[in-house]
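The structure under discussion appears below in the form of structure tokens.
Model, not experiment: these values are computed from the prediction. Residue indices begin at 1 and follow the sequence shown.
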Amino acid sequence: DIGCSPTWAQPSPDGRRVWVACNKSSELVEIDVAAWRLLRRIPAGEGIYNLAITGDGTRIVATNKRGQSVSVFDAVSGRELARIPTTRRVVHGAAITADDRYAFISNEGVGSEKSTVDIIDLRTLRRVASVEVGQQAGGIDTMR
């Protein structure tokens with residue numbers, strides 16, 4: 001059994017869908033809220049963990065905890081647009097800026113290693129910066 005084992009649920013901006021990170025099965029699941037029905041199971045990165053969605057609902061950013069990477073998905077097609085390696089082994093949280101331009105990804109350090117926040121440009125689908133922060137950075141959020 002490779003059941004879902006959800007680690008994060010993210011509603012769409014219009015509230016019609018809920019996206020679920022299924023860590024154990026490494027799938028991104030889309031649920032129709034009104035019918036409470038499973039719409040799609042989309043293959044994702046290894047150990048998909050946390051999610052963030054753009055304000056316009058077109059892109060989903062997913063952290064892949066076992067895959068040491070971040071995936072960017074097209075919400076309409078379900079296609080993975082990019083998989084971007086992270087600067088630390090333990091990727092954790094995801095947040096998107098109010099203008100939908102950047103994703104901020106928190107990465108936990110291991111042992112005495114400092115954590116980082118990776119900054120991904122959602123237009124070019126590339127990491128454009130990484131900033132060291134204190135130890136054990138878990139979740140992250142932005143003002144919308």
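Note that CD1 of Ile31 and OG of Ser12 are 12.0 Å apart. Values are rounded to the nearest 0.5 Å. The CD atom of Glu46 sits 6.0 Å away from the OG atom of Ser26 when rounded to the nearest 0.5 Å. Taking CD from Glu27 and SG from Cys22, the interatomic distance works out to 6.0 Å, rounded to the nearest 0.5 Å. To the nearest 0.5 Å, the span separating CD on Glu108 from OG1 on Thr86 amounts to 11.0 Å. For the atom pair Phe104 CZ and Ile96 CD1, the distance stands at 10.5 Å (nearest 0.5 Å). How far CG of Asp74 is from CG of Leu81: 5.5 Å, rounded to the nearest 0.5 Å.
With hydrogens and angles left out, the side-chain atoms of Asn107 and Ser115 include no donor and acceptor closer than 3.5 Å.
Between the Asn23 side chain and the Ile48 main chain, a donor and an acceptor come within less than 3.5 Å of each other. Listed for the Arg40 side chain is a donor-acceptor partner under 3.5 Å among the backbone atoms of Ser77. A donor-acceptor pair under 3.5 Å links the side-chain atoms of Thr7 to the main chain of Tyr49, judged by distance alone. Under the 3.5 Å distance criterion, the side-chain polar atoms of Arg59 are matched with a main-chain donor or acceptor of Leu122. Judged by distance alone, the side chain of Arg88 and the main-chain N or O of Lys114 form a donor-acceptor pair under 3.5 Å. Ser106 places a side-chain N or O within 3.5 Å of a backbone atom of Gly93 that can act as its donor or acceptor partner. Side-chain atoms of Asp118 do not come within 3.5 Å of backbone N or O of Ser130 as any donor-acceptor pair. Listed for the Asn64 side chain is no donor-acceptor partner under 3.5 Å among the backbone atoms of Arg66. Side chain of Ser69 to backbone of Pro85: no donor-acceptor contact under 3.5 angstrom is found. Counting only distance, with no hydrogens or angles, the side chain of Asn50 and the backbone of His92 share a donor-acceptor pair below 3.5 Å.
Side-chain contact between Tyr102 and Asp121 is present, with at least one heavy-atom pair separated by less than 4.5 Å. In this structure, Glu113 and Glu132 have side chains that are not in contact, with every pair of non-hydrogen atoms separated by 4.5 Å or more. Using a 4.5 Å heavy-atom threshold, the side chains of Ile60 and Gln10 count as separate.
In the hydrophobic clustering of this structure, Trp36 groups with Val20; members are Ile, Leu, Val, Met, Phe, Trp, Tyr whose side-chain heavy atoms approach within less than 4.5 Å, directly or through other members. By the criterion of side-chain heavy atoms lying less than 4.5 angstrom apart, applied directly or through intervening Ile, Leu, Val, Met, Phe, Trp or Tyr residues, Val72 is not grouped with Val29; the two fall into different hydrophobic clusters. Phe73 and Trp8 fall within a single hydrophobic cluster, where Ile, Leu, Val, Met, Phe, Trp and Tyr side chains are chained together by heavy-atom contacts under 4.5 Å. When hydrophobic clusters are built by joining Ile, Leu, Val, Met, Phe, Trp and Tyr residues whose side-chain heavy atoms come closer than 4.5 Å, directly or via intermediates, Val33 is not grouped with Leu28. Under the 4.5 Å side-chain heavy-atom criterion for Ile, Leu, Val, Met, Phe, Trp and Tyr, Val70 and Leu125 are members of the same hydrophobic cluster.
Closest approach of Gly45 to Ser71, counting heavy atoms only: N-OG, 4.2 Å. What you find for Gly57 and Ala75 is that their closest heavy atoms are O-CB, 3.2 Å. Scanning all heavy atoms of the two residues, the minimum distance from Gly78 to Ile42 falls at O-CG2, 3.3 Å.
Residue Glu30 forms a salt bridge (charged side-chain N to carboxylate O under 4.0 Å, His left out) with just one option from Arg41, Arg17, Arg37, and that option is Arg17. Only one option out of Thr116, Thr87, Val61 pairs with Ile105 in a side chain to side chain contact (heavy atoms under 4.5 Å, CB included); it is Val61.
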(request) Give the intermediate values and the outcome of side chain to side chain contact (heavy atoms under 4.5 Å, CB included) for residues Thr58 and Val76. (result) CA-CA 7 Å; Thr58 61; Val76 174; 5.8 Å; no

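Heavy atoms from other residues, nucleotides or ligands lying under 6.0 Å from CZ of Arg101 number more than 12.
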